[in-house]
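Down below is the structure, laid out as structure tokens.
All chains are named by letter (A, B, ...) in the order of the sequence lines, taking the proteins before the strands, and each is independently numbered beginning at 1. The shown structure was predicted, so the numbers you read here are calculated from the model rather than taken from an experiment. Keep in mind that the numbers below use all heavy atoms, side chains included, and drop hydrogens, waters and symmetry copies.
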Protein chains: 2
Amino acid sequence: MNETSGTAAAQPTERIPAAERREQILAAASVVFGERGYSGATTDQVAKVAGISQPYVVRMFGTKENLFLEVLARALERLVAGFRQIIAEPREHGDDEMELLAARLGGAYVDLIEDRGILLSLMQAFISGHNPVVGAKARAGFLEIYRMLRDEAGFPPDAIRGFLADGMLFNTLLAIRLPDIFDEDPDAEELMRCTFRGKLDLVLGATAAEAAADA
Amino acid sequence: MNETSGTAAAQPTERIPAAERREQILAAASVVFGERGYSGATTDQVAKVAGISQPYVVRMFGTKENLFLEVLARALERLVAGFRQIIAEPREHGDDEMELLAARLGGAYVDLIEDRGILLSLMQAFISGHNPVVGAKARAGFLEIYRMLRDEAGFPPDAIRGFLADGMLFNTLLAIRLPDIFDEDPDAEELMRCTFRGKLDLVLGATAAEAAADA
DNA sequence: CTGTTTTGTAATCATTCAATTACAACATTC
DNA sequence: GAATGTTGTAATTGAATGATTACAAAACAG
């Protein structure tokens with residue numbers, strides 16, 4: 001027993017450097033925004049998940065909108081950085097060079113959106129086209145990825161379209177939680193299998209791990 | 001002058017049969033939910049767009065959630081009915097039979113999601129996987145489309161994946177309003193062109209028409 | 001014409017929630 | 001060991017909003 005006197009009462013919130021606390025809040029916010037959407041999420045829910053008080057969340061980021069923008073920016077950064085790293089990796093030349101690169105990028109993308117916070121923050125941004133600030137970030141982010149595939153990866157137009165389209169279908173099937181009904185409807189698994197193909201084990205592994213963590 | 005005594009005051013809201021009023025409210029709700037999202041939309045905004053009072057909206061549908069579910073159900077109905085009709089149409093057999101059918105279905109889909117209310121209601125549903133009611137409708141709807149493509153259209157797995165993936169990319173690019181920045185960033189148009197190809201004029205026509213209507 | 005149903009609103013309530021204020025405890029510096 | 005800065009919360013506030021209530025006017029039935 002090293003601080004509270006006896007009962008396991010909620011410990012009086014450790015003092016933690018602001019920079020670190022900031023990261024905790026962003027992690028919490030990613031989860032909460034992902035689950036409830038921008039408008040549906042409350043600063044209080046974020047605070048509870050982060051284990052601190054609601055006013056602290058607000059003071060750290062000024063407004064709820066700023067907090068969301070920061071979450072979104074982080075997600076985009078991780079996506080762009082991940083892609084750029086893979087593109088920069090040395091690769092042997094050959095007929096299937098592009099296919100192989102696309103497969104690697106696809107794998108990295110699935111890895112990323114296994115994090116539901118990231119997946120749903122991105123999708124939240126997509127449907128916020130009407131919001132001047134969020135919408136602009138979404139458009140800019142999408143175009144940055146496009147340019148990366150075109151200029152750095154050297155993909156031809158059809159490969160770009162195919163890659164982006166597959167990504168958006170991944171997004172959707174994971175967002176609607178299709179794996180949740182695998183045992184109610186075998187078509188659900190069939191659709192997932194036909195969509196993710198080799199990557200399916202990757203997805204299902206993560207889903208199973210999440211379920212285990214929840215329990 | 002046929003009803004108000006003199007000034008052009010807001011006319012005292014015509015009496016209209018409930019069934020018809022219901023349709024007006026649903027149309028208004030589709031727009032508002034599409035713009036602001038489920039949580040972001042208010043029953044008052046819907047009421048204003050529909051030209052009636054807020055309590056009437058609530059009384060007609062019981063709750064805001066019911067209203068959204070009805071909007072979503074309508075969107076899914078239109079989508080399913082549209083696809084089924086095209087699949088049922090007689091078509092000449094040949095090597096490119098499937099490609100032609102896919103192109104027709106794709107065109108119908110683009111037609112449908114030009115209605116931003118429908119597009120964004122669907123996307124709202126996609127990111128509501130956590131919500132038991134909305135999430136279930138989204139999963140069921142997606143699987144219905146899948147089965148239709150597999151059983152009624154006779155698409156092989158890869159064609160299904162490609163078709164659905166393209167659709168999800170259409171969704172995203174329209175949702176983020178990529179055409180809005182055509183003159184700021186030429187890559188925006190390039191990406192739209194590489195995604196929609198032949199269908200682009202269709203999309204842009206609608207976008208231009210909307211802009212004209214706004215002005 | 002009288003009574004009933006349908007279509008509608010004004011007023012208001014109860015909640016929720018982002019944001020503010022005021023304050024306390026801990027840490028650091030000089 | 002005071003003074004200053006940092007990390008945190010409790011309490012509150014003001015606005016927004018879904019829902020309810022109570023009422024009014026039009027339409028209609030007999």
Side-chain angles (χ1 to χ4, degrees), chain A residues 2-5 9-29 31-33 35-71 124 128 131 133-134, chain B residues 2-5 9-29 31-33 35-71 124 128 131 133-134:
Chain A
N2 64 3
E3 50 172 328
T4 55
S5 52
Q11 68 261 41
T13 316
E14 219 181 332
R15 268 177 72 104
I16 284 180
E20 193 177 331
R21 191 65 90 182
R22 205 182 162 81
E23 297 305 316
Q24 292 178 350
I25 297 176
L26 283 168
V31 172
V32 175
F33 280 131
E35 270 174 12
R36 325 284 287 228
Y38 171 67
S39 305
T42 73
T43 54
D44 194 57
Q45 291 164 349
V46 174
K48 285 223 167 56
V49 172
I52 55 172
S53 69
Q54 181 262 343
Y56 200 11
V57 171
V58 173
R59 207 181 46 187
M60 189 81 87
F61 290 89
T63 68
K64 178 178 153 179
E65 187 184 27
N66 280 345
L67 175 57
F68 178 71
L69 286 172
E70 185 75 29
V71 167
Q124 279 293 329
S128 302
N131 176 319
V133 184
V134 180
Chain B
N2 66 4
E3 51 172 331
T4 55
S5 52
Q11 70 261 40
T13 316
E14 217 183 334
R15 271 178 68 108
I16 285 181
E20 193 177 332
R21 193 62 93 182
R22 203 183 164 80
E23 297 304 316
Q24 293 180 349
I25 297 177
L26 283 169
V31 171
V32 175
F33 280 131
E35 271 174 9
R36 326 285 288 226
Y38 170 67
S39 306
T42 73
T43 53
D44 194 56
Q45 290 164 351
V46 173
K48 285 222 167 56
V49 171
I52 55 171
S53 68
Q54 180 262 346
Y56 200 12
V57 172
V58 173
R59 207 183 44 188
M60 188 82 86
F61 291 89
T63 66
K64 178 178 154 179
E65 187 184 28
N66 280 345
L67 174 57
F68 177 71
L69 285 173
E70 185 75 30
V71 168
Q124 279 294 328
S128 302
N131 177 318
V133 184
V134 180

Give the rounded distance in Å between these two atoms: [atom1] of [X] and [atom2] of [N].
X     : N      : atom1 : atom2 : answer
B/I16 : D/dA26 : CD1   : C1'   : 14 Å
A/K48 : C/dC17 : NZ    : P     : 10 Å
A/E20 : D/dT7  : CD    : P     : 11 Å
B/R22 : C/dG8  : CZ    : C1'   : 16 Å
B/E65 : D/dA19 : CD    : P     : 9 Å
B/F61 : D/dT17 : CZ    : C1'   : 19 Å

message = Could you check whether atom CZ of B/R36 has more than 12 heavy atoms from other residues, nucleotides or ligands sitting under 6.0 Å from it?
response =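 It does not: B/R36 CZ has 12 such atoms or fewer within range.
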Please check if the side chain of [X] supplies one atom and the backbone of [Y] the other of a donor-acceptor pair under 3.5 Å.
X     : Y     : result
A/N66 : A/F61 : yes
B/Q45 : B/T42 : yes
A/K48 : A/S53 : no

request  = Ignoring backbone atoms, test whether A/Y56 places a side-chain nitrogen or oxygen under 4.0 Å from the OP1 or OP2 oxygen of D/dT9.
outcome  =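 Answer no for this pair, as no side-chain N or O of A/Y56 is under 4.0 Å from OP1 or OP2.
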inquiry  = If you take any heavy atom closer than 4.0 Å to DNA chain C, which residues from residues 38-45 of chain B end up in contact?
reply    =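 Within residues 38-45 of chain B, no residue comes under 4.0 Å of DNA chain C.
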inquiry  = Under 4.0 Å, counting only non-hydrogen atoms across every strand here, what does A/R21 touch: a base, just sugar-phosphate, or nothing?
reply    =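 Contact class for A/R21: sugar-phosphate only.
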Measure from the side-chain heavy atoms of [X] and tell me the nearest of [options].
X     : options               : result
A/K64 : C/dA19, C/dT7, D/dT7  : C/dA19
A/Q54 : C/dT7, D/dA19, C/dA19 : C/dA19
B/R15 : D/dA26, D/dA19, D/dT7 : D/dA26

ask   = Checking only heavy atoms, does the side chain of B/R59 share a donor-acceptor pair with the base of D/dT20 at less than 3.5 Å?
value =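 Counting by modelled atom types and ignoring angles, no donor-acceptor contact under 3.5 Å is found here.
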ask   = Starting at the 5' end of DNA chain D and moving along, which residue's nearest nucleotide shows up first, A/M60 or A/P55?
value =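 Between the two, 5'-proximity favours A/M60.
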ask   = Got a second to check how far A/I25's CD1 is from A/E70's CD, nearest 0.5 Å?
value =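 If we round to the nearest 0.5 Å, A/I25:CD1 and A/E70:CD are 11.0 Å apart.
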Separation between CZ of A/F68 and OG of A/S128, rounded to the nearest 0.5 Å =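 The CZ atom of A/F68 sits 5.5 Å away from the OG atom of A/S128.
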ask   = Within a strict 4.5 Å, meaning less than it, do heavy atoms of the B/K64 and B/V57 side chains meet?
value =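 Sidechains of B/V57 and B/K64: no contact.
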